[in-house]
Amino acid sequence: MIKIILVILFFLFSNLSKAESYVKAGNSLIWDSKNQSYTANGNVEFQNDSFIAFADEMIAKYLEKNNKEIFTIVELFENVKIEFKDEIFRGDYAIYTREDNIIKLIGGVSIESPTRILTGYELIADIDNNKRILNSESEDSLVEVLLDKNANN
């Protein structure tokens with residue numbers, strides 16, 4: 001009996017690992033099939049084929065294609081953390097659009113990489129072109145870069 005349960009669990013988890021995207025939530029996950037969206041609250045985790053994101057809340061819009069849900073717009077609220085390759089993006093709010101494959105973060109933004117930390121108010125991360133645009137909030141504020149002393153080695 002235990003072997004049968006283990007086999008079933010193995011197939012279930014192997015299918016989940018092949019999924020392009022998923023959403024998890026610690027408190028609640030509301031599926032609205034009419035409006036094709038998910039609303040998640042509490043320790044939210046979202047993953048697609050490019051990055052993994054964490055936040056307190058999330059709203060994700062999707063389209064159905066070939067009996068699969070394809071997330072098109074994902075909004076993340078409060079304590080946003082996005083892990084992309086060897087970088088970590090943080091901010092108060094983020095929106096990801098699949099159409100142009102861009103992540104935009106706003107408020108208390110930082111980018112952490114192995115050799116630098118960048119801070120500012122707004123980040124636009126173009127995933128396809130590996131380009132980052134970091135903006136300050138106003139003329140009186142700054143965008144900062146802190147380099148690791150071993151960055152040139």
Side-chain angles (χ1 to χ4, degrees), residues 10 12-32 35-66 68-153:
F10 172 77
L12 178 69
F13 285 114
S14 66
N15 285 339
L16 284 175
S17 67
K18 294 177 185 176
E20 177 189 301
S21 303
Y22 70 80
V23 175
K24 294 180 185 178
N27 293 341
S28 66
L29 182 61
I30 301 167
W31 174 42
D32 182 349
N35 294 308
Q36 294 186 311
S37 70
Y38 287 93
T39 302
N41 289 291
N43 297 320
V44 175
E45 183 177 322
F46 169 81
Q47 182 171 344
N48 67 11
D49 53 350
S50 298
F51 62 88
I52 186 167
F54 306 91
D56 291 346
E57 297 179 45
M58 181 201 74
I59 299 172
K61 301 274 187 184
Y62 67 89
L63 294 175
E64 288 189 33
K65 186 175 182 180
N66 299 327
K68 291 175 111 178
E69 294 174 351
I70 308 296
F71 290 98
T72 56
I73 298 174
V74 177
E75 288 184 276
L76 301 155
F77 304 90
E78 302 300 322
N79 300 311
V80 177
K81 176 182 172 187
I82 299 172
E83 297 175 358
F84 173 70
K85 295 184 181 177
D86 64 347
E87 297 175 314
I88 297 174
F89 308 146
R90 295 180 193 272
D92 298 329
Y93 168 81
I95 185 166
Y96 165 73
T97 51
R98 182 179 176 87
E99 182 179 359
D100 55 12
N101 210 19
I102 289 179
I103 302 168
K104 182 177 180 179
L105 283 95
I106 298 173
V109 172
S110 69
I111 305 170
E112 301 169 29
S113 73
T115 58
R116 64 186 49 91
I117 297 174
L118 297 90
T119 60
Y121 177 75
E122 176 188 62
L123 167 67
I124 301 168
D126 183 338
I127 304 299
D128 291 336
N129 296 309
N130 200 28
K131 185 177 181 181
R132 314 286 178 267
I133 301 169
L134 191 61
N135 297 312
S136 64
E137 186 173 9
S138 67
E139 291 179 13
D140 297 328
S141 59
L142 298 172
V143 175
E144 296 180 299
V145 176
L146 301 171
L147 297 175
D148 184 333
K149 64 181 177 181
N150 298 319
N152 293 326
N153 293 337

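This chain uses plain numbering: 1 for the first residue, then up along the sequence. These numbers were taken from a predicted model, which means no experiment stands behind them.
Under the side chain to side chain contact (heavy atoms under 4.5 Å, CB included) criterion, A94 pairs with L76, V80, I82, L105, not counting sequence neighbours. For D49, there are no side chain to side chain donor-acceptor pair (under 3.5 Å) partners two or more places apart in sequence or in a different chain. For I133, the side chain to side chain contact (heavy atoms under 4.5 Å, CB included) partners at least two apart in sequence or on another chain are I124, K131, N135. For N48, the side chain to side chain contact (heavy atoms under 4.5 Å, CB included) partners are S21, F46, S50, F51, Y96, not counting sequence neighbours.
What you find for T119 and L134 is that their closest heavy atoms are O-CD2, 3.5 Å. The minimum heavy-atom distance between Y62 and D32, with the atom names listed, is OH-O, 4.2 Å. Scanning both residues, D126 and I102, for their nearest heavy atoms gives CA-CG1, 4.1 Å.
Between F77 atom CZ and I95 atom CD1 the span is 8.0 Å, to the nearest 0.5 Å. Rounding to the nearest 0.5 angstrom, the gap separating the CZ atom in F84 from the CD1 atom in I52 is 14.0 Å. Taking CG of D56 as the reference point, atom CG of D92 lies at 10.5 Å (rounded to 0.5 Å). Taken from OG1 in T72 to CD in E99, the straight-line distance is 9.0 Å, to the nearest 0.5 Å. Taken to the nearest 0.5 Å, the CG atom of N130 stands 7.0 Å off from the CD atom of E87. Annotation: the span from E122 atom CD to Y93 atom OH amounts to 11.5 Å, rounded to 0.5 Å.
Between F89 and I111 the shortest side-chain heavy-atom distance falls below 4.5 Å.
Listed by first and then second residue, the salt bridge (Lys or Arg N to Asp or Glu O under 4.0 Å) pairs involving residues 75-84 are K81-E83 (not counting sequence neighbours).
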Check: residues 36-44 side-chain donor-acceptor pairs under 3.5 Å, at least two apart:
from, atom 1, to, atom 2, distance (Å)
Y38, OH, E69, OE1, 2.7
Y38, OH, E69, OE2, 3.2
N41, ND2, S28, OG, 3.4

